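Not measured: the values here are computed from a predicted model. Convention: sequence-line order gives letters A, B, ...; per-chain numbering from 1.
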Amino acid sequence: MLIYNTFSNSKEVFVPINGRNVLMYVCGPTVYDLSHLGHARMGLVFDVIVRYLSYLGYKVNYTRNITDIDGKIVHKAMDLNLTSEQVARFYANAFAKEMLALNTVSPTFEPKATDYLPQMIDFIQSLIDKGYAYVSSTGDVYFNCKQFKEYGKLAKKNLNELLSGARSDQVRSQDELSKYKLSPIDFALWKVCDIHETVWPSPWGMGRPGWNIECSTMIKHVLGETIDIHGGGEDLIFPHHENEIAQSQCLHDKPLANFWVHNNFVNVKSQKMSKSLGNFTTIGDLLANYSSDTIRLFVLQNNYRHPVDFSPEGLKSARLGVGRLIQSLSSLENNIDWPDFLTSHAQQPVYPSLLPDKAKIINFINGFSFNNNDHESFVNEFEEAMNNDFNTAIAISKLFSLSDKIQAESDLKNKQSLAILLKTYAFILGFKLTDQTPKIQANVAHDLVNLVIELRNFSRTSKDFKQSDYIRAKLLELGIEVMDSSKDKTSWKLK
RNA sequence: GGCGGCAUAGCCAAGUGGUAAGGCAGAGGUCUGCAAAACCUUUAUCCCCCAGUUCGAAUCUGGGUGCCGCCUCCA
């Protein structure tokens, strides 16, 4: 299993610290607004990683935080005359619902920053005690970047470049900050502030923790001092993840994470989709128009490390593709005895511990007959693709090849076995492939009955009573009683 | 200005040394009273440009062009 590590900028063989157990932490959303497709991509990418690692037999502890302490949340709350907690809770719930609707695996743990204040304060105090952080004249606590020799290693930046390379149009109130900070690149661990309701007491005064400290602290307390995989969006590499490394490594004298995995953005007309640019499509809007499978295919046909360009055409193309996969499953009988791990993902959250591993999958597949080694070569090719840094695009192309094979297969039993293989491995990538043909709406059904009655009346006027009686009898079987009045008026009711 | 990434058919996209996956669209066909759907077959002599390394390059090296992201504020 090769995974691309941002730290080394190369694919590395994945070996967890502790045997089959994998500790994975992903930076979750800051809950001050609705999520957009960019967040969905993050959710889907790490969802596939959890699913596939579980397939390989790893027990994944998938922890994804909720950032519920943030200036944007405070501002939103003030605008709406709500508390920060109310705002955060609302958007955290919305996010959870959307992630479920996207058929993603729920995190094993989903810690919130507000639940870890004492631990963050301890963390900061320990950094001060070790000489890596200092209290400024204002009471703010800053991390002293110059104390950490490896600062900039993840983002491939060195201190001198950082000090000299700032964009001139970006610098704001540096003069002011320089009064409090030893170096301009030092970042806040604790910010003293007492004007809002969202503040906590600390040895340095009322205030809020800096953004970076929450992840370092929660990783330490939920997962441990060194974890296997740390993930998130590419925009977090610098400064967020760089700062996390600085904090945690200085405190523990060991690496924070062995693998750094970052997904790229969703672009709109070649520009990053983001809340601040206002060019986003919310997950809710998306789900109203496209199935979770469609969104998933759209996202997973791209390499997770490359940008994906959002377009209605792209989603439409994905929808047609999903339709083809579903079509090839039409040869499936309805009475397949699906194991729980393939069916229980309908409404309730699924946790990583419930995901099937390869042994379970193969055991299930082997219950069906294949007349050659098609299934083995499929599994090999699928795994080969996924083992190469989760190459979902190739893995998906194998699903389509399998779909073609199903259509071309004339032997019914074999056809069905291949269909089961398709459905099962699509599940490993998180696809449901359930028939999503829209159900007939009640009003359409009503018009439909009227249409049949109309056709029947054509028969009656041409005195084809054999046909009209047949239609009446058949409608009655469906629970629809037809009543002819003296004139051409015909009415019906549900019996 | 610094650092990083990307550039492959009409569109999306995989592929990091061995002769271009896959999806959508298009073309031809099967089926069909007609149509639609479905299925089958097919679609890049070539991978932004120039030079080089190599028996061999989309893939490596150097140079160029274009696009994107990050760069001490907020997170």
Side-chain angles (χ1 to χ4, degrees), chain A residues 6 9-11 27 29-32 67 69-75 113 142-143 145 151-152 154-178 181-188 191 208-212 214-215 233-243 262 264-265 267-272 274-276 294 297-298 300-303 305-325 327-328 330 381 385 388 391-404 406-410:
Chain A
T6 307
N9 267 356
S10 62
K11 292 176 188 172
C27 287
T30 301
V31 283
Y32 73 98
T67 296
I69 300 176
D70 181 280
K72 287 178 200 156
I73 298 173
V74 174
H75 288 127
Y142 291 102
F143 185 88
C145 288
Y151 191 78
L154 177 73
K156 318 285 178 290
K157 295 177 188 300
N158 66 53
L159 287 181
N160 292 334
E161 279 167 2
L162 283 169
L163 288 168
S164 65
R167 274 185 307 193
S168 54
D169 61 334
Q170 189 82 9
V171 179
R172 206 167 56 197
S173 63
Q174 280 309 302
D175 289 343
E176 195 192 332
L177 282 168
S178 65
K181 296 207 244 179
L182 292 179
S183 161
I185 54 170
D186 291 351
F187 56 92
K191 285 173 284 192
R208 288 203 294 271
W211 172 48
N212 307 292
E214 89 176 66
C215 289
E234 199 173 60
D235 53 338
L236 299 179
I237 295 173
F238 193 89
H240 184 48
H241 289 165
E242 194 69 58
N243 292 351
H262 294 98
N264 211 311
F265 311 117
N267 292 336
V268 181
K269 296 195 174 80
S270 296
Q271 262 205 323
K272 175 182 164 187
S274 74
K275 288 173 184 171
S276 46
T294 296
L297 184 68
F298 176 70
L300 297 184
Q301 273 189 321
N302 291 267
N303 183 309
R305 288 185 282 110
H306 296 169
V308 45
D309 219 60
F310 170 83
S311 70
E313 293 75 25
L315 277 158
K316 204 178 140 205
S317 162
R319 173 156 60 194
L320 289 163
V322 168
R324 252 192 64 200
L325 291 177
Q327 176 69 28
S328 63
S330 62
E381 288 171 16
N388 184 13
N391 193 328
T392 50
I394 296 281
I396 286 168
S397 79
K398 300 303 171 193
L399 295 183
F400 277 102
S401 309
L402 190 55
S403 171
D404 289 344
I406 292 167
Q407 299 294 3
E409 178 63 54
S410 52

Separation between the P atoms of B/U16 and B/C6, rounded to whole Å: 12 Å
Residue mapping more 5' on RNA chain B - nearest nucleotide basis, A/Lys11 or A/Val308: A/Val308
Partner nucleotide, any strand, of B/A58 [Watson-Crick/G-U, under 3.5 Å]: none
Out of B/G2, B/C68, B/C6, whichever nucleotide has its closest atom nearest the side chain of A/Lys157: B/G2
Closest non-hydrogen atom pair between A/Ile73 and A/Tyr32, with its separation: CG1-CB, 3.6 Å
Minimum-distance nucleotide to A/Asp404 side chain [options: B/G23, B/C70, B/C6]: B/G23
Most 5' of A/Ala408 and A/Ser317 on RNA chain B, judged by nearest nucleotide: A/Ser317
Euclidean distance for P, B/C46 against B/G10 (whole angstrom): 13 Å
Nucleotide of B/A14, B/A25, B/C40 approaching A/Asn391 most closely (side-chain heavy atoms): B/A14
Distance, C1' atom - from B/A14 to B/C24, rounded to whole angstrom: 15 Å
Given B/G23, B/A14, B/A13, the nucleotide with the shortest approach to the side chain of A/Asn302: B/A13
Criterion side chain to side chain contact (heavy atoms under 4.5 Å, CB included) on A/Asp235 and A/Phe265, from CA distance to verdict: CA-CA 8 Å; A/Asp235 53 338; A/Phe265 311 117; 3.5 Å; yes
Integer angstrom distance from the P of B/G2 to that of B/U8: 26 Å
A/Ser403 to A/Leu325 - nearest heavy-atom pair and separation: CB-CD2, 3.9 Å
Selected nucleotide, minimal atom distance to A/Pro184 side chain, candidates B/U72, B/A38, B/G15: B/U72
Between B/G15 and B/C48 - P atom distance, rounded Å: 15 Å
Per A/Gln301 side chain, nearest of listed nucleotides B/A21, B/C39, B/G23: B/G23
Listed nucleotide nearest any side-chain atom of A/Ser397, set B/C71, B/C68, B/G22: B/G22
Interatomic distance, A/Leu320 CG vs B/G22 P [rounded to whole Å]: 18 Å
Nearest heavy-atom neighbours spanning A/Ala393 and A/Gln301: CB-O, 3.4 Å
Partner nucleotide of B/U65 by Watson-Crick or wobble geometry (both distances under 3.5 Å): B/A7
Which nucleotide in B/C24, B/C73, B/G23 has an atom nearest any side-chain atom of A/Phe400: B/G23
Whole-Å P distance, B/A7 and B/U30: 41 Å
Separation between the P atoms of B/A51 and B/U72, rounded to whole Å: 41 Å
Distance in angstrom units between A/Arg324 CZ and B/G23 C1', rounded: 8 Å
B/C31 and B/U41, which share atom name C1', separated by this distance in whole Å: 15 Å
Sugar-phosphate, base or nothing in reach of A/Ile394, heavy atoms under 4.0 Å: base
Nucleotide nearest A/Asp235 (side chain, heavy atoms from C-beta), chosen from B/G15, B/G4, B/C70: B/C70
Length of the CG-P vector between A/Asn267 and B/C68, whole Å: 9 Å
Parallel, tilted or perpendicular: ring planes of A/Tyr151 versus A/Phe187, cut at 30 and 60 degrees: parallel
Residue pair A/His241, A/Thr6: steps toward the side chain to side chain contact (heavy atoms under 4.5 Å, CB included) verdict: CA-CA 11 Å; A/His241 289 165; A/Thr6 307; over 6 Å; no
